[in-house]
Amino acid sequence: MPLSLKNKTTRLRKNPLLRSLVRETELNIDDLIMPIFFKDGKGTEAVPSMPGINKFSSECLLREAEALGKSGIKSILLFGSSPKKDSSGSSSYNEESQFHKAIKNIKKSSDLIIIADVCLCAFTDHGHCGIAKKTSGKNGAHLQIDDSKTAETLAKIAVSYAKAGADMVAPSAMANGQVKAIRETLDKNGFTDTSIISYSAKYASNFYGPFRGIYDSTPKGSDRKGYQMDFGNKREAIREIFLDIEEGADIVMVKPALSYLDIIQSIRDKVNIPIAAYNVSGEYSMVKAAHLKGWLDEKSVALEILQSIKRAGADIIISYWAKEATKWI
Ligand code: PBG
């Protein structure tokens with residue numbers, strides 16, 4: 001019996017024009033956010049675990065912002081830091097800090113949408129994302145963070161970044177009530193137009209490894225499992241997302257992205273606000289390393305990864321490839 005070709009699946013794949021006519025998802029430069037690492041002092045410093053990625057001092061950051069603007073990038077996610085670390089991360093909300101000045105300068109000289117990451121891990125001496133609360137118990141006890149103290153501090157940081165010129169703040173500490181505290185404090189201080197992109201479903205992932213080397217923020221004493229999500233869980237992500245929407249998030253985020261496409265997809269069906277996905281450092285570094293060994297082609301693999309995140313349902317992708325992708329798309 002000859003095969004019936006009535007339902008021939010390759011009919012619409014014959015040439016590039018046909019393929020683009022029926023393509024279901026498209027990658028857009030406008031949907032990409034480029035993460036940028038700040039450092040005090042002068043010059044730029046390469047991040048060894050993430051070839052192609054640098055830490056920028058204030059002055060270099062301005063030049064980078066200009067280059068990004070020219071490349072077509074519209075939004076950046078800024079990570080602050082300070083050489084002064086203490087147990088409560090108090091240098092994070094110092095409005096005179098070099099980081100705050102850097103935000104002011106970018107705001108003055110570019111049209112980029114400035115999103116400031118709001119967390120304590122680059123400012124605390126223990127490297128945790130919040131103000132730590134001692135936990136009792138031996139085996140398997142994980143350090144927890146003091147939610148109310150942490151949320152209060154994060155709100156202070158958010159207002160200080162908004163004052164400096166951030167258009168959006170991105171709380172990433174996974175402290176309960178952080179979005180509510182930030183929304184209320186921003187509003188009270190007149191920043192009703194500053195939006196919140198919340199790291200709502202942030203997993204205790206091993207893919208953050210390269211990032212933690214950047215600010216020496218590998219947590220001391222215990223890991224982050226006391227506050228970040230267990231990667232065996234999916235329904236819990238939906239709960240986290242809904243809580244953040246209730247608390248006032250304008251955009252919710254799933255992080256990491258690549259091993260969490262099922263999470264993105266299940267949320268897509270349930271929420272009607274924009275969904276962002278964070279294509280994290282480990283996802284970048286493993287492709288980069290394989291590329292440098294000649295084992296795969298970075299550009300094509302990166303585009304496939306970004307496309308898959310879009311296909312899963314993300315509206316916005318935060319990716320270390322964002323800048324380069326402007327040349328590829
Ligand atoms: C913590 C934070 C982390 C990342 C962004 N914000 C690391 C962590 O939670 O340990 C990871 C980003 C990446 O790996 O690219 N504030």
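Quantities reported herein were computed from a predicted structural model and do not represent experimental measurements. Position 1 is the first residue of the sequence; numbering continues from there. In each ligand, atom 1 is the first atom listed, and ligand 1 is the first ligand listed.
With ligand atoms numbered from 1 in the order given, ligand 1 contributes 12 (C), 13 (C), 15 (O) to contacts under 4.0 Å with heavy atoms of Tyr320. Close approach of ligand 1 to Cys119 (heavy-atom distance below 4.0 Å) involves ligand atoms 16 (N). Every atom of ligand 1 with a heavy atom of Tyr278 under 4.0 Å away is listed here by number and element: 12 (C), 15 (O). Heavy-atom contacts of Cys121 reach the following atoms of ligand 1: 1 (C), 16 (N) (cutoff under 4.0 Å). Atom numbering of ligand 1 starts at 1 in the shown order; those under 4.0 Å from a heavy atom of Tyr208 are 8 (C), 9 (O), 10 (O), 11 (C), 14 (O).
Ranking protein heavy atoms by distance to atom 14 (O) of ligand 1, first place goes to Ser281 OG, 2.7 Å. Atom 12 (C) of ligand 1 has as its closest protein heavy atom Phe211 CD1, 3.4 Å. Protein heavy atom nearest atom 5 (C) of ligand 1, with residue, atom name and distance: Lys255 NZ, 2.6 Å. Of the protein's non-hydrogen atoms, the one nearest atom 1 (C) of ligand 1 is Lys202 NZ, 3.2 Å.
A donor-acceptor pair is defined here as one N or O able to donate and one able to accept, closer than 3.5 Å; such a pair exists between the side chain of Asp86 and the backbone of Gly89.
For the pair Lys149/Lys133, no side-chain contact is recorded, criterion being any heavy-atom separation below 4.5 Å from C-beta on. For the pair Leu61/Glu66, no side-chain contact is recorded, criterion being any heavy-atom separation below 4.5 Å from C-beta on.
Phe37 does not carry Lys55 over the face of its six-membered ring by the limits of under 6.0 Å from the centre and within 45° of the normal. Remark: Lys104 fails to qualify as a cation-pi partner of Phe99 under the 6.0 Å distance and 45° angle criteria applied to the six-membered ring.
Taking distance alone, with nitrogen or oxygen atoms compared against 3.5 Å, Gln228 approaches ligand 1 more closely than that limit.
Proximity of Phe79 to ligand 1, defined as any heavy-atom pair under 4.0 Å, is confined to the side chain (atoms from C-beta onward).
Take Asp216 and apply the side chain to side chain donor-acceptor pair (under 3.5 Å) test, not counting sequence neighbours, and it matches no residue.
With salt bridges taken as basic N to acidic carboxylate O contacts below 4.0 Å, none links Lys84 and Asp40.
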